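Taking it in order: structure first as structure tokens, then the write-up.
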Amino acid sequence: MSPAELPPPPRVTFASDNAAGVHPAVMAALAEANTAHAIAYGNDRWTRRLEPALRERFGAPVDVLPVWGGTGANVVALACHVQARDAIVCGDTAHLHLAEAGAPERMSGAKLLALPTPDGKLRPEQLRAHLAWLGDEHHPQPKVVSISQSTELGSLYSIDELGALCDEAHRH
């Protein structure tokens, strides 16, 4: 098919947050912030306001690690919870496994353990199959379970399914 025969691109795409424009309020805040120099790496007035705002919002202590995009957010979040000997359990259709170009494994050092999920949803019995690995120095240690709601295939976990998966993970 030649470029002349291709259909026009969609007006809106949900492929990535990097493909969308920002809300006018966000752009106005960026323009306001872009008026002078500021010390980077958390020592600026906006970042200093961010932690207390998030602590209030979540009602719990938080550490703020601002990142530019989704891959950075996924990698930083996972790296906070795993070490090189650990495994991150996810579905074989997970964005983390298929669309992050290896960044989670490269940057966290942990192994992605991508389990078969015909509908995109992990099941508690899939976690149980890897419990024999716990404490065995020859296997990565299952440490984090990563899911998407909705899954990359569009299926949804029910509250009961989420509860059962969380209960199984927390039990071990």
Side-chain angles (χ1 to χ4, degrees), residues 12-91 93-115 117 120-122 127 134 140-152 154-159 161-172:
V12 176
T13 176
F14 297 106
S16 171
D17 57 341
N18 301 325
V22 300
H23 187 278
V26 172
M27 187 56 74
L30 288 169
E32 179 189 340
N34 193 39
T35 58
H37 291 280
I39 302 298
Y41 308 111
N43 199 17
D44 58 87
R45 64 184 168 126
W46 302 279
T47 305
R48 286 194 303 267
R49 290 181 5 212
L50 185 58
E51 281 193 2
L54 289 175
R55 285 184 184 121
E56 181 179 333
R57 168 73 72 174
F58 291 112
V62 298
D63 291 322
V64 177
L65 304 167
V67 295
W68 175 76
T71 299
N74 289 340
V75 167
V76 169
L78 288 167
C80 287
H81 296 283
V82 297
Q83 296 180 29
R85 67 176 176 263
D86 295 330
I88 300 160
V89 181
C90 63
T93 60
H95 179 91
L96 191 67
H97 173 58
L98 296 177
E100 301 285 15
E105 289 182 320
R106 169 81 165 111
M107 303 310 290
S108 74
K111 169 88 175 127
L112 287 183
L113 184 58
L115 304 179
T117 54
K121 298 191 294 186
L122 288 172
L127 303 182
L134 291 173
Q141 301 297 290
K143 181 76 180 262
V144 169
V145 176
S146 176
I147 63 167
S148 297
Q149 176 76 317
S150 69
T151 72
E152 288 74 5
S155 53
L156 299 172
Y157 285 93
S158 70
I159 296 294
E161 289 172 321
L162 284 173
L165 194 58
C166 290
D167 288 346
E168 188 65 32
H170 292 163
R171 203 173 3 264
H172 304 287

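Bear in mind the structure is a predicted one, so any value in this text is a computation, not a measurement.
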Problem set entry | Point-to-point distance, once rounded to the nearest 0.5 Å, from CG of Leu122 to OG of Ser148 | 9.5 Å
Problem set entry | Beyond-backbone contact of Ser108 with Ile88, side-chain heavy atoms, under 4.5 angstrom | yes
Problem set entry | Leu98 side, atom CG; Leu112 side, atom CG - distance, nearest 0.5 Å | 10.0 Å
Problem set entry | Atom pair SG/CG of Cys90 and Leu115 - distance to nearest 0.5 Å | 7.0 Å
Exercise. When rounded to the nearest 0.5 angstrom, what distance separates OG in Ser146 from NE2 in His81?
Worked result: 11.0 Å
Exercise. Would you call Lys143 and Val89 a side-chain contact if the rule is heavy atoms closer than 4.5 Å?
Worked result: no
Exercise. Does the Lys111 side chain pair with the main chain of Glu105, one donor and one acceptor, at a distance under 3.5 Å?
Worked result: no
Exercise. Hey, does His95 have a side-chain heavy atom less than 4.5 Å from the side chain of Asn74?
Worked result: yes
Exercise. Near Arg171 CZ, under 6.0 Å, is it more than 12 heavy atoms from other residues, nucleotides or ligands?
Worked result: yes
Exercise. Out of curiosity, Leu96 CG to Thr93 OG1, how far, rounded to the nearest 0.5 Å?
Worked result: 11.0 Å
Exercise. Do Gln149 and Leu162 touch side chain to side chain, with heavy atoms closer than 4.5 Å?
Worked result: yes
Problem set entry | Arg48, CZ atom: more than 12 neighbouring heavy atoms under 6.0 Å | yes
Exercise. Arg55 side chain to Pro61 main-chain N or O, any donor-acceptor pair under 3.5 Å?
Worked result: no
Problem set entry | Minimum side-chain heavy-atom gap Val75-Thr71 below 4.5 Å | yes
Problem set entry | 4.5 Å side-chain heavy-atom contact, Leu134 and His172 | yes
Problem set entry | Other residues, nucleotides, ligands: >12 heavy atoms within 6.0 Å of Leu30 CG | yes
Exercise. CG of Asp167: more than 12 outside heavy atoms within 6.0 angstrom?
Worked result: yes
Exercise. Could you go step by step and tell me if Asp86 and Val144 meet the side-chain contact (heavy atoms from CB on, under 4.5 Å) rule?
Worked result: CA-CA 8 Å; Asp86 295 330; Val144 169; over 6 Å; no
Exercise. Just how far is it from atom CE of Met107 to atom CD of Glu100, taken to the nearest 0.5 Å?
Worked result: 12.5 Å
Seminar exercise, completed: Smallest heavy-atom separation, Val67 atom then Gly72 atom, equals CG2-C, 3.8 Å
For this session: Check whether any side-chain heavy atom of Thr151 sits under 4.5 Å from a side-chain heavy atom of Thr117, and report yes or no.
Result: no
